[in-house]
Amino acid sequence: MIRIYRALFVAMFQQASQYRVSWFLYVFFSFIRPIIFLAAWIAVADAQGGRVGGFDRSDLAGYFVAVTLVTHLTMSWDMHEFEYEVRQGQLSPKLLRPLHPINYAIVANLVWKMVTVVGVVPVVVAIAWTFDARFATQPWHVALAVPSIVLGAALYFTFGWVLALVAFWTTRVQSVVTLYSRAAFIFAGQIAPLALLPGPLQAAAYAMPFGYMLGVPADILRGGPDLPTALLLVAGQVAWLAVGILAYRAVWKAGLRAYTAVGA
């Protein structure tokens, strides 16, 4: 497996290097949304005397800087592309190979993040400096943030694949993907820190996997929760990841029985 993954990394890296401009533009535009929300929340805080909830201007800046970085490190796009592979029959030859198709997606995801993070970090630093971001991060926050970000990425990837596998039963999954994306947009912590969501929405964010994908690792990275709370949140990530893996295995097995496409 090590040799196989090494070969996949080389191939995917060579492929990624051919689209440097498109990668740059994609990363560049990914910064626009968190900056807009940061500016909006700063305006709200200024209108309320400099604070909103438990956040002042610098706290909000710290959160959205963390969200910008964590979003890049956790995102996945297979739910948008898998439908095309099924519809065009491109999945069929992959199923004949000894390597599970998900391995190609894992390597492609990792390579993309490795290639683009070089441009992400300087921009994140510039945003933090411009908006005077404040972090209350302790060493133990960093120690927990690393596995929390990895778990968030695994959650995003796994549930994205569960959703993508709907393509085994229908030729178009875009409407389902759009509904999923809207739910993630509200409950994952992209609009606002989870602590600022109204009570029912905050409860829903923690009752579903979305908050654990982005909001939880971002809040830990900025030094928001205390140690017991942070450990509880990471445990929630582990629990939801176990649910996602079980769901993926069940849906993949059922989907293969229903799979029909060119070359199948």
Evaluation steps, side-chain contact (heavy atoms from CB on, under 4.5 Å), between Q174 and V177 | CA-CA 5 Å; Q174 193 56 45; V177 169; 4.2 Å; yes
Indicate whether the side chain of Q237 and that of S148 have a donor and an acceptor atom separated by less than 3.5 Å.
-> yes
Heavy-atom pair with the smallest gap, counting every atom of Y63 and A218 = CE1-CB, 4.2 Å
Would you find a donor on one side and an acceptor on the other, under 3.5 Å apart, between the side chain of R51 and the backbone of G54?
-> yes
Set of residues satisfying ring-ring contact (aromatic ring centres under 6.0 Å, His included) with respect to W77, sequence neighbours excluded = W112
Atom pair CD1/CD1 of I35 and I127 - distance to nearest 0.5 Å | 4.0 Å
How would you list, by chain and number, every residue that makes a ring-ring contact (aromatic ring centres under 6.0 Å, His included) with H141, sequence neighbours excluded?
-> none
Decide side-chain contact (heavy atoms from CB on, under 4.5 Å) for L241 and T158; before the verdict, give the C-alpha distance in whole Å, the side-chain angles of both, and the deciding distance to 0.1 Å.
-> CA-CA 8 Å; L241 181 57; T158 303; 3.8 Å; yes
Output for pair (L214 CG, Q190 CD), nearest 0.5 Å, gives 5.5 Å
Is the CH2 atom of W169 crowded by more than 12 outside heavy atoms at less than 6.0 Å?
-> yes
Start with the C-alpha gap between W240 and L151, add the side-chain angles, then the distance that decides, and say whether side-chain contact (heavy atoms from CB on, under 4.5 Å) holds.
-> CA-CA 9 Å; W240 271 114; L151 287 169; over 6 Å; no
Under a 4.5 Å cut-off applied to non-hydrogen side-chain atoms, are V67 and F37 in contact?
-> no
Not counting sequence neighbours, which residues clear side chain to side chain donor-acceptor pair (under 3.5 Å) with R134? List them please.
-> D56, D59
Heavy atoms of L194 and F187 approach each other most closely as CD2-O, 3.5 Å
Residues passing the salt bridge (charged side-chain N to carboxylate O under 4.0 Å, His left out) test with K94, sequence neighbours excluded, are E85
Here the gap from L221 atom CG to T137 atom OG1, rounded to the nearest 0.5 Å, amounts to 5.5 Å
To the nearest 0.5 Å, tell me how far L231 CG sits from L144 CG.
-> 5.5 Å
For F168, enumerate each residue passing the ring-ring contact (aromatic ring centres under 6.0 Å, His included) test, keeping only those at least two apart in sequence or located in another chain.
-> F82, W252, Y259
Would you name the heavy atoms of L197 and Q202 that are closest together and state the gap between them?
-> O-NE2, 3.4 Å
What pairs of residues pass the salt bridge (charged side-chain N to carboxylate O under 4.0 Å, His left out) test when at least one of them lies in residues 195-213, not counting sequence neighbours?
-> none
Closest heavy-atom contact between M114 and F9?
-> SD-CE2, 3.8 Å
